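By convention in this document, chain letters (A, B, ...) are assigned in the order of the sequence lines, proteins followed by strands, and residues within each chain are numbered from 1. The analysis underlying the following values was restricted to heavy atoms, covering all of them including side chains, and did not include hydrogens, waters or symmetry mates. This one's a predicted model, so the numbers in the text were calculated from it and none came from an experiment.
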Amino acid sequence: MPGTARLSLDKLTRRFEEKLAVDSLSLEIASGELVALMGASGSGKTTTLRMVAGYEPPDSGKVWLEGKDITTRAPRVRGFGMVFQHYALFPHMTVGQNVAFGLEARGVSKTERSARAATALANVGLSGASPRAIQSLSGGEQQRVALARALVIEPPVLLLDEPLSNLDPNLRRSTRNELRATLRRLGLTALFVTHDQEDAFAVADRVALMENGRLLQVGAPEELHDNPVSRSVAEFIGRATFVPGEFDGAKVTVHVAGSATTFAAHASASLSGVRAVLAVLRPDALAFVKSGTGWPGVVTDRRFAGTQLVYRVRVDDHTEVELQSTDRDVREGDQVSVRVVREPVSVVAV
Amino acid sequence: MKIKADQRVSWALATPVLALLLWCVVYPNITIIAGSFDHGLGYWREFANSPSDREALWTTLVVSIGSVIGAAAVGLPLAFVLSRVEFRGRRFLQAVATLPAALPPLVGVIAFLFLYGESGVVTRGVQHALHLSEAPWRLTGIWAIIFVHAYTMYVYVFLFVSAGLERLDGTLDEAAAGLGASTMFRLRKVTLPLVTPALAGSMLLVFMSALGSFSAPYIFGGGLRVLSTQIVASKLNGALGMAYVETTVLAITAIAALLLLRWFERRRSYALTGKGSNTRISLRGPMARLAPVLAAALVFVLVLPHAMIVLVAFARDGAWTTQVLPPEYTLDNFKHLATDPQLWLPVRNSISMAVLATIANIIVCFIAAYLLARRRFAGRGMLQLLVVLPWAIPATAIAIGLASTFDRNAPSQLRLLLVGTFWILPLAYFVRGIPLVTSAVESSLRQMDPSLEDAARGLGASWWLAMRRVVIPAARPGLAAGATLAAITAVGEFVASIVLYTHANRPISMEILAQLRNLSFGTAAAYSVLLILLVLLITVAARLLGGRPERVETIPTA
């Protein structure tokens, strides 16, 4: 039954020849939770997903489903639905036959099969598509058929491998909102892999960020953005200017534009007692202020980014900060003052 | 302006090629069909009422269907195991599995005679082992023909299905497994339906090859009649009208099969979607140890015919009577070949005729392929049909057509007297080589970016310079592959040769047959070894000349 499942990855490790693809990765997923495994290509996220699905055996570590060890179970008995990156729809079957395939494999009667397939298709907004050929579907429709096919077997955990990466940007935005709405409405537990932080943030309750086979940080999207535990996390998520500073456990002091400025600081537990740190200045935490009330600087770059403008401001010989503003009147070469307007400021190890 | 000039070039190239093909491919077939109606429907009525012809037609169909079943029964499981199961030696075995196709048709049949014939090594071995008073089986009749066909033609099924499996998107299987499908369910519902077009295509190919097959029924048929042997018998008996009717029936059946094949090929497209990442099952435990043993056994069976030919080539003629293996070995068979000019003549004939035919193939088929791959003009559809026709029509039918068309000098009818001269065999080989070379070159040219030729022209190159520096180099792998196939087919050609040869220009295959009738098995085998060496030599030479080795998809030799 979806909604009560709980998946647990316990020190999963997988080695390909000499390379550690996944290195002792542990992750807990509560029932009804949507978790994104995010990372650059080669970070081990897909390998992790394939170990959960059972397509790839771990060298060590375990996969638990609702308290049962399923590490050695074959994919077909795990009962996870999986949505593949290229959808893997069976080209010789109709939409309806594709969706009903998992039920057919379970020996469900033909009438029940088609009724449940129709429900699943309705759930993804494709009512009546059942007799259509796979070749006649658009990319977005294929993605939704793949989702319906996985949903129809009522998986304890739904697995999705880059489900949005084959869609063009506009379709992608609408599809990811739909995806989250569908998963929420059905109360599903899902683990999905993506390299795109916008996809991850839009769909997931929690994001697990991976690099070189290791988990860097797991948390809600805002948490990863506002309180990165390391420079890697801060660099991967959003944009940031790193400024060296001293940390005393509660406050961080940075030396910029010839003066010392102190902010309330937020650091992860591992940073206690460390003096030299990097302060993470996010573009949205900086603003233009009246001259004399902030760091004086020169605008070196101005770029329109949709609703806002992104400016780069050189505040001293070593430091160029990036800031977002709705103010459109600032030009390249202008003398400006900038200030941190949102505290606490995150600090990470150098 | 430019378009008009382009059309002129197209027509300047197409006209002579079309004229040549009409003359040597279409005209002979028309002669046959016209000949079959010489007495109105008389010959056709005779055909319909003749019990032996009805038997031949029926046997041909039974043999063809039996060969299809046999070839699929061997080729399909082999393709599945060798592309889906990972074990040591898998790649080597994949290469070895195509060996039977490398035997020239007559040589393969002879090897079977030496192995499984009444006095064959395997037959005698079983007889001795079981202390039987006579041979445990006789290699004659329908079963013998089907056995030989299954052995040589399973390669088509194996290659087609293997290619289909390689192209299959591996995530389809994973998706099915993730949805709860068992291995058997996946095989039945996902994998098999997806390779069905490839399987059906290869089965039709086997059907067509078996339909036109001549060597196996001729050697093993015993008293059995099939259409191809019946045609030759009718011609030798002077019953030309009957031969024409039989040839027409055979050719029409073959063309019907070709049309069916084309239809299946068009349906094949969907198997190509998705990205191909195939997972192979790794064997563990006792199966892992057993697999190489089974594989080695298979290699042994597949290599046996080749090995047998080599062994017999060193056997002293006349000494091998009732023993399991030839008792005495000698180099004499080869010495005689090299020293007796009468014995060397067939080798010289085969080589020179194959070279002539292949050169003509290279020139004509390159132009045809260029026109088909790169040009749009009114006669394109006809050209396309003409270049595949000699592939669909069985070699016996081609030979009968040439024999009845070029048997007199009648310039007003565009007829030349070629029968009885040296030139009739190279012409037959050339006709048989047309589809092989054209399709290979065409597939090479289709891989070339179409804008390359335009780019060269845009940079100021003349048509001829662009051709020389851009188009011909792009066609080289296909030319090499196609010419190899054509030369190999020509140098070992038997089916058309038996209808058209004269004593002076007899090719190797006819000499092998003569030596067999003479019971000079050693000499026959020595010729066969020479033939296999020639095939190897041609292959290696083509590799060197063709530059980068490349797999060019071609229609296989029938």
- [ ] Carefully, step by step, assess A:Phe80 and A:Tyr55 under the rule ring-ring contact (aromatic ring centres under 6.0 Å, His included).
- [x] CA-CA 11 Å; A:Phe80 294 149; A:Tyr55 298 126; 10.0 Å; no

- [ ] Sort A:Arg78 into side chain, backbone, both or neither according to what part of it lies under 4.5 angstrom from a heavy atom of chain B.
- [x] neither

Open item on the list: Under a 4.0 Å threshold between the charged nitrogen and the carboxylate oxygen, would A:Arg50 count as salt-bridged to B:Glu174?
Closed with: yes

Open item on the list: With a 4.5 angstrom heavy-atom cut-off, is it the side chain or the backbone of B:Ser182 that approaches chain A, or both, or neither?
Closed with: both

Task: Part of A:Gln97 within contact of chain B (heavy atom distance under 4.5 Å) - done: neither

Open item on the list: I need the B:Leu211 CG to B:Leu204 CG distance, nearest 0.5 Å.
Closed with: 11.0 Å

TODO: May I ask you to say whether A:Asp69 pairs ionically with A:Lys62, meaning some side-chain N is under 4.0 Å from a carboxylate O?
DONE: yes

